[in-house]
Amino acid sequence: MKNRQNLVTELYQGLQALVDAAFPKVCSACGANYQNLEEFLRGTHSTLSSSGLKEAEEGQNYPAVELYRTCHCGATMLEFFRDRRDDSKTGILVRAKFAQLLDLLRDTGLSVATVRAELILLLRGGQSEIFNLLGLDIDIRP
């Protein structure tokens, strides 16, 4: 098995790459640059008429939500969240990075299903008690 510190470093970097895949987001009107989702939510505000959340147009074969935000310059910006495989170049890269992380953690003795579930937990802002017990104390929350 790899040195624990090297494993932690590689794991952290890979997880951070997955979290950051959708950003930066740049306002087309003023050029404001939002490096991550947290900056995007803090640096913009919901539209005046609603929360800014909208179910995606009908005809989609998968659940999707659109998040409309207003930039400080007044321009409307959109982030699209969906429960569907992303076949874009970025989506393919994200899946490849996730697969690399699974391979990296294969030597820990955990099942692939457990490693997958723990990686997803980390990506959603949680902490993995299982990884912590292995000495892989990783926190990717902003």
Side-chain angles (χ1 to χ4, degrees), residues 2-108 110-142:
K2 291 185 177 204
N3 168 299
R4 280 200 194 282
Q5 187 55 46
N6 290 343
L7 182 61
V8 168
T9 300
E10 282 186 56
L11 182 59
Y12 178 82
Q13 289 170 343
L15 288 168
Q16 195 61 53
L18 293 174
V19 169
D20 295 339
F23 290 89
K25 187 172 251 342
V26 178
C27 176
S28 60
C30 72
N33 193 324
Y34 303 98
Q35 292 299 309
N36 54 49
L37 181 59
E38 184 179 0
E39 277 186 24
F40 181 63
L41 293 174
R42 260 197 265 150
T44 61
H45 56 277
S46 63
T47 58
L48 295 175
S49 61
S50 72
S51 68
L53 291 172
K54 178 182 176 247
E55 185 176 354
E57 297 296 318
E58 291 189 29
Q60 304 280 355
N61 293 329
Y62 50 87
V65 175
E66 297 171 345
L67 173 62
Y68 290 89
R69 302 290 291 178
T70 303
C71 182
H72 65 85
C73 72
T76 300
M77 297 180 71
L78 169 67
E79 183 58 44
F80 188 73
F81 301 93
R82 63 183 174 193
D83 183 18
R84 181 181 174 267
R85 180 171 288 247
D86 181 357
D87 290 325
S88 70
K89 184 177 178 181
T90 300
I92 292 167
L93 292 172
V94 166
R95 283 195 308 283
K97 179 57 75 176
F98 194 87
Q100 287 174 347
L101 293 173
L102 286 175
D103 288 344
L104 182 67
L105 292 166
R106 191 178 300 168
D107 292 339
T108 62
L110 298 172
S111 71
V112 172
T114 298
V115 170
R116 180 183 306 277
E118 295 302 300
L119 288 173
I120 291 170
L121 175 66
L122 288 172
L123 288 169
R124 292 182 177 160
Q127 286 191 308
S128 169
E129 290 182 29
I130 292 173
F131 288 170
N132 289 346
L133 290 172
L134 291 171
L136 305 173
D137 187 17
I138 299 169
D139 185 358
I140 62 169
R141 292 175 292 178

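Quick note: numbers below take in every heavy atom, side chains included, and nothing from hydrogens, waters or symmetry partners. In this text, all values refer to a predicted model and were calculated from it rather than measured experimentally.
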Practice task
Given side chain to side chain contact (heavy atoms under 4.5 Å, CB included), test Ile120 with Phe98 step by step and report yes or no.
Solution key: CA-CA 10 Å; Ile120 291 170; Phe98 194 87; 4.1 Å; yes
My understanding is that only residues two or more places apart in sequence, or in another chain, count here; which of them pass side-chain hydrogen bond (donor to acceptor under 3.5 Å, both in side chains) with [X]?
{"X": "Glu39", "result": "none"}
{"X": "Thr114", "result": "Ser111"}
{"X": "Asn132", "result": "none"}
{"X": "Ser28", "result": "none"}

Exercise for the section: Start with the C-alpha gap between Leu102 and Leu119, add the side-chain angles, then the distance that decides, and say whether side chain to side chain contact (heavy atoms under 4.5 Å, CB included) holds. Expected result: CA-CA 8 Å; Leu102 286 175; Leu119 288 173; 3.8 Å; yes
Handout entry: Qualifying residues under side-chain contact (heavy atoms from CB on, under 4.5 Å), relative to Ala29, sequence neighbours excluded
Key =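 So Ala29 forms a side-chain contact (heavy atoms from CB on, under 4.5 Å) with Cys27, Cys73, Ala75.
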Exercise for the section: Check whether any side-chain N or O of Arg69 sits under 3.5 Å from a backbone N or O of Leu41 as a donor-acceptor pair, and report yes or no. Expected result: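 Judged by distance alone, yes, a pair lies under 3.5 Å.
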Minimum-distance pair of heavy atoms, taken over all atoms of [X] and [Y]:
{"X": "Asn33", "Y": "Pro24", "value": "OD1-CB, 3.3 Å"}
{"X": "Glu118", "Y": "Glu129", "value": "OE1-N, 4.2 Å"}
{"X": "Cys71", "Y": "His45", "value": "O-CE1, 4.1 Å"}
{"X": "Tyr34", "Y": "Gly43", "value": "OH-O, 3.4 Å"}

Practice task
Check the pair Thr108 / Phe131 against side chain to side chain contact (heavy atoms under 4.5 Å, CB included), numbers first and verdict last.
Solution key: CA-CA 9 Å; Thr108 62; Phe131 288 170; 5.9 Å; no
Exercise for the section: Any chance you could measure Leu110, atom CG, to Leu134, atom CG, to the nearest 0.5 Å? Expected result: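 Going from the CG atom of Leu110 to the CG atom of Leu134 covers 5.5 Å.
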